[in-house]
Each structure stands twice: as C-alpha cells, then as structure tokens.
Asks: 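One structure, pasted below without further comment.
Naming convention: chains lettered A, B, ... in sequence-line order (proteins, then strands); numbering from 1 in each chain. Heavy atoms only: backbone and side chains are in, while hydrogens, waters and symmetry mates are out.
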2 protein chains.
Amino acid sequence: MARTAGSHSALTAPRIREAAQALFAQHGYAAVSMRQIAAEVGVQVGALYNYTSDKQSLLFDLMSSHLDDLLSARAEDQTEADPVQALEQFTRFHIRFHARRPDAVFIAYMELRNLTPENFATIEAMRRRYEDGLSAILRDGQAQGAFRIQDARVATMAIIAMLTGVNTWFRKTGRLSLSEVEEIYWGMIRRLVVA
Amino acid sequence: MARTAGSHSALTAPRIREAAQALFAQHGYAAVSMRQIAAEVGVQVGALYNYTSDKQSLLFDLMSSHLDDLLSARAEDQTEADPVQALEQFTRFHIRFHARRPDAVFIAYMELRNLTPENFATIEAMRRRYEDGLSAILRDGQAQGAFRIQDARVATMAIIAMLTGVNTWFRKTGRLSLSEVEEIYWGMIRRLVVA
DNA sequence: CCTTGATCTGAACGACTGTTCAGTTACAAC
DNA sequence: GTTGTAACTGAACAGTCGTTCAGATCAAGG
C-alpha cells in the first residue's frame, strides 16, 4: 500500500487540524497521541508528518491561528468610538466569538503550559493585545467620566474572566439562548463600570 | 538496597502528595510520570505504590481533599446572615482561600477531564455544592429586595469566574496586595448586584 | 500513454509509560 | 539481641510514545 485513492493535501490538511483540535480539547494535548489523531483522520501516523513538523507545531498552529482569528475579527467588529457603546460591542463580540469555537478557546486556555517557551511568548503576546483592547476602552471611559472604575487593569481581568467563563456552562440546548446571555452579561458589565 | 535510613510513612506520604501537586500543576497530569514524582521525592517508582493504588487515585485524592478543605473552610467562615454582608464575606473568603493554594486550585480546574467518570461525578458534585452556597446568598438578597439581579444562576457563574480569575494574574510580589485586591473585587461585586 | 511528483503505508527506532513483585534493609517492640 | 514488619530497591512486564524513511501507489500534466 502507499498513496490512497482520492487523497489530496487540500482535503487532508484541514481534517488533521480538525481532528487534533477536537482531541486536544477533549483529552488534553499530552494525553493525545499522534496515532489517535491519525486514526481519527483515517490515515497512518507517518502521513501526519507531511503536514506538520512535529506534535508541538500542531498545537502551536491551532493556538496561533485561533488568536489570529480573534484579533482580526475584533479589529473588524469594533466600530463604536463612544466608550459605553464600545464596551457593549466588546461584550457582545466576545461572547459570540467564543461561543462559536469552544474547542479552540478551551485549548488556548488550557494548553499554554505545553508550549515551548518561545511559542508561549508568542501566544501570550497575542492574548495580551486582545486584553489591551479592553483596557483601552475602560481607560477611555474613565478619562471621559463615563465609567467609574477603581482599577482599570483589575477591571479588565475581571471582565475577561467573567466573559470567558460563559464557555464553561453555556450550552446551545440550555435554558437561555446566546442572545439572552449577551443581554444579561451586558447588563451586569454596564452596572459594573458605567458611572 | 531496600528500606532506606530514616524512612517513615508519616514523612513520605505528604512528600509524595506535595511533589505530585507541584508537578501536576506545572506540567499537567498526563505529562507527569510516576518516575518524575518519585525522583522529586528521592525514591524509586515502586515505593509510590505503598501510598497510592495508582496514578489516578493520586490525582483524585488531591482534588477531593482540596474541595473538602474548601467546603469545610467556607462552612466555618460563613457567619453573616444579611445577604449583603454574606456576599462580602463570600467574596473575601474566596479570594483569600484560593490565593493561598494556587497549585491545588489550578489542578481542580484543569484536570477534570483526566478523572474517571465516577471520580469526575464526585468532584463535580462538590464543586456544585460550593456554587450553590453563592446562589443561595444571591437568591436571598433578591427575595429581600437587597439585590437587583436579572438571573441568579448566571450571576453565580459570572461572580465565581471573576473571582477565580484572580489566580491567573495575582502575584504576591505584584503591584497590589491581597487585601487591596479583596477591596477592589468587593467593590465591583457590590455594584454588580446590590440594589 | 508515460512520466513526475504528491501522498500515503508499513515497519522500524530507541525511549518512555504505569504497574508489579521478590528480595533486602532499617526500625520498633519485646 | 532477636524478631516481625514497615519501607524501599532494582528489575522486569507488556505497551505506547514521537519520529523517520524506503518503497509503493495514485493523480495530474505533457
């Protein structure tokens, strides 16, 4: 046996990414073997190495492309200049974006310690850029007197933790729809910071 | 060689727990081998099995005793009946308790997926009991008109996520002391729910 | 139709995994 | 001082790990 019928890199490459993402999210990077990923794709282990140099790159690529998506999607989404409206836009964006890709989000938060130091630094910088976007809104509103915030950096961490926490309990089939969740969280965050 | 000088189960048992806790927190359960734990304790692998039936039990014991500590410490701490004061007490308790044992907290949140289904159910029930304590305070305050909350269950998740998030950024050597952090968070949570 | 390159298999590499256990030594009680 | 047992070593077990690569097969272009 060798090359199989219908095989094509344009098909196999995304299937490997999807399999790795699903398995990493479910069992954790360290607990998933290359052979499990290959089996999920329907291929032998060796074939994976036509698409990734090693297991670590597979993880890093998943995380960095997730954060790329996050940063560019947010750059495109953010249109409001008024701090209050900008904060509402951020809140709704964050909830919607993260609810749509739970596996990628989960990996980006859980597998940081399995990155090599260089890869970790890269990912951490991207995450920091995203957080800084929220900090900027909060400081803006603070300067304009629209927000009443004791400590902008702490408020940033609190709001992000609160919003990202949605992914731990939200289920599409649950009691609340995603837009109801959006409403409730925007209500809470407004009370938290708006003067 | 066999039994080593000065060896005693009362000494070795806690050293194994501490080594496992530190290593699991740093590298993750799946990425840590029994041989690494043994090396940290200064013992051969086989000796570990005088203290634990298997690796899974080691993880489960760490997690369940952490949650036992959490539940009993909180039961002892909670004295206030007034909803606003009870919520303040909860806020300060949560921050203090979690800041003191970052490794145990980290493991309890990150390694849930590495538990067997039975062990997972046990741990999840304990965590749920803790959350229910906060929910009870919120519903109490809602019933008495002291709190203005749109959805008590969502508010519970939001507050817990916000508070537990402190562990991801707080450092003893950082800009803020723990009691300053307590103050800031209680300020935010008060605004979030108090009518 | 043939050739070239893309794609995958099958097998192998050495290293590491969790777990068991017979044998050895130190300690505690008498 | 002897004895019983608590505590540990050292070696072994059968698997699994990530990674490499020669060789086989398919797809596509001339």
Side-chain angles (χ1 to χ4, degrees), chain A residues 1-21 23-24 26-63 107 111 113-119, chain B residues 1-21 23-24 26-63 107 111 113-119:
Chain A
M1 315 254 160
R3 179 168 188 173
T4 54
S7 62
H8 199 315
S9 68
L11 299 174
T12 308
R15 295 187 62 205
I16 290 175
R17 285 178 59 90
E18 287 159 22
Q21 183 165 87
L23 287 169
F24 287 167
Q26 192 169 7
H27 307 291
Y29 172 78
V32 172
S33 71
M34 294 298 271
R35 281 169 182 82
Q36 284 177 56
I37 298 171
E40 187 74 18
V41 175
V43 101
Q44 297 299 316
V45 214
L48 299 184
Y49 290 86
N50 293 328
Y51 299 91
T52 186
S53 57
D54 49 27
K55 196 187 175 190
Q56 168 74 202
S57 304
L58 203 46
L59 176 62
F60 175 72
D61 289 347
L62 287 174
M63 293 178 72
I107 291 171
E111 304 297 353
R113 61 186 167 187
N114 287 310
L115 292 171
T116 62
E118 304 83 23
N119 287 345
Chain B
M1 315 251 161
R3 179 166 189 174
T4 55
S7 62
H8 199 316
S9 67
L11 299 174
T12 307
R15 297 187 61 207
I16 291 175
R17 285 178 58 90
E18 286 158 23
Q21 183 165 87
L23 287 169
F24 287 168
Q26 192 168 8
H27 307 291
Y29 172 78
V32 172
S33 72
M34 294 298 271
R35 280 169 183 81
Q36 285 177 56
I37 298 171
E40 186 74 18
V41 175
V43 102
Q44 297 299 315
V45 215
L48 298 184
Y49 290 86
N50 293 329
Y51 300 91
T52 187
S53 57
D54 48 27
K55 195 186 175 189
Q56 168 73 202
S57 305
L58 203 46
L59 175 62
F60 176 71
D61 288 347
L62 287 173
M63 293 179 72
I107 291 171
E111 303 298 352
R113 61 186 166 186
N114 288 310
L115 293 171
T116 61
E118 303 83 23
N119 286 344

Asks: Taking only N and O in the side chain of A/Ser33, is any of them less than 4.0 Å away from OP1 or OP2 of D/dC17?
Replies: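 Answer is yes, contact under 4.0 Å.
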
Asks: Between P on C/dG18 and CD1 on B/Ile37, what's the gap in Å once rounded to a whole number?
Replies: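 One finds 8 Å between P of C/dG18 and CD1 of B/Ile37, rounded.
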
Asks: Can you see which heavy atom on A/Tyr51 is nearest to which on A/Ser9, and at what distance?
Replies: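 Heavy atoms of A/Tyr51 and A/Ser9 come nearest at OH-CA, 3.3 Å.
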
Asks: When you match B/Ser53 and B/Thr4 each to their closest nucleotide on DNA chain C, which lands nearer the 5' end?
Replies: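 Nearer the 5' end of the strand: B/Ser53.
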
Asks: Say whether, by atom type as modelled, one donor and one acceptor occur between the side chain of A/Arg113 and the main chain of B/Gln26 under 3.5 angstrom.
Replies: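 Answer holds: no.
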
Asks: Toward the 5' end of DNA chain C, which comes first, A/Arg35 or B/Gln36, by nearest nucleotide?
Replies: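 Nearest-nucleotide comparison on DNA chain C picks A/Arg35.
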
Asks: Is any side-chain heavy atom of B/Ile37 less than 4.5 Å from a side-chain heavy atom of B/Arg17?
Replies: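 In short, these two side chains do not touch, never coming nearer than 4.5 Å.
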
Asks: Which pairs would a plain distance check flag for residues 55-63 of chain B, meaning a side-chain donor or acceptor within less than 3.5 Å of a matching protein atom at least two apart in sequence or in another chain?
Replies:
residue: B/Lys55; atom: NZ; partner: B/Tyr29; partner atom: O; Å: 3.0
residue: B/Lys55; atom: NZ; partner: B/Val32; partner atom: O; Å: 2.7
residue: B/Gln56; atom: OE1; partner: B/Thr116; partner atom: N; Å: 3.0
residue: B/Gln56; atom: OE1; partner: B/Asn119; partner atom: ND2; Å: 3.0
residue: B/Gln56; atom: NE2; partner: B/Asn114; partner atom: O; Å: 3.0
residue: B/Ser57; atom: OG; partner: B/Ser53; partner atom: OG; Å: 2.9
residue: B/Ser57; atom: OG; partner: B/Asp54; partner atom: OD1; Å: 2.7

Asks: To the nearest Å, give me how far apart CD (B/Gln56) and C1' (C/dT17) are.
Replies: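 It works out to 16 Å between those atoms.
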
Asks: Any donor and acceptor pair, going by atom type alone, linking the side chain of A/Arg35 with main-chain N or O of A/Val45 inside 3.5 Å?
Replies: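 Side chain of A/Arg35 to backbone of A/Val45: no pair is present.
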
Asks: What residues in residues 43-50 of chain A put a non-hydrogen atom under 4.0 Å from any atom of DNA chain C?
Replies: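 Only A/Val43, A/Gln44, A/Gly46, A/Ala47, A/Asn50 qualify.
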
Asks: The test is side chain to side chain contact (heavy atoms under 4.5 Å, CB included); show your working for A/Met34 and A/Thr52 and say whether it passes.
Replies: CA-CA 11 Å; A/Met34 294 298 271; A/Thr52 186; 4.3 Å; yes

Asks: May I have the distance from A/Met34 (atom CE) to D/dC21 (atom P), rounded to whole angstrom?
Replies: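 Rounding to the nearest Å, CE of A/Met34 and P of D/dC21 are 15 Å apart.
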
Asks: For C/dC8 and A/Tyr51 - does any side-chain N or O of the residue sit under 4.0 Å from the phosphate oxygens OP1/OP2?
Replies: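 Yes, such a contact exists.
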
Asks: With heavy atoms under 4.0 Å as the rule, sort B/Val41 into base, sugar-phosphate or nothing.
Replies: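 It contacts nothing in the nucleic acid.
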
Asks: Are OP1 or OP2 of D/dC8 and a side-chain N or O of B/Thr12 less than 4.0 angstrom apart?
Replies: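 So the side-chain polar atoms of B/Thr12 do come within 4.0 Å of the phosphate oxygens OP1 or OP2 of D/dC8, strictly under.
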
Asks: How close do B/Ala19 and B/Glu40 get, counting heavy atoms only, and between which atoms?
Replies: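 Looking at all heavy atoms of both residues, the shortest contact is CB-CG, 3.6 Å.
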
Asks: In whole angstroms, how far is the P atom of D/dA7 from the CZ atom of B/Arg15?
Replies: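 Rounded to the whole Å, the gap is 14 Å.
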
Asks: At less than 4.0 Å, is any side-chain N or O atom of A/Ser9 found next to OP1 or OP2 of C/dT7? Yes or no.
Replies: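 For C/dT7, OP1 or OP2 has a side-chain N or O of A/Ser9 closer than 4.0 Å.
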
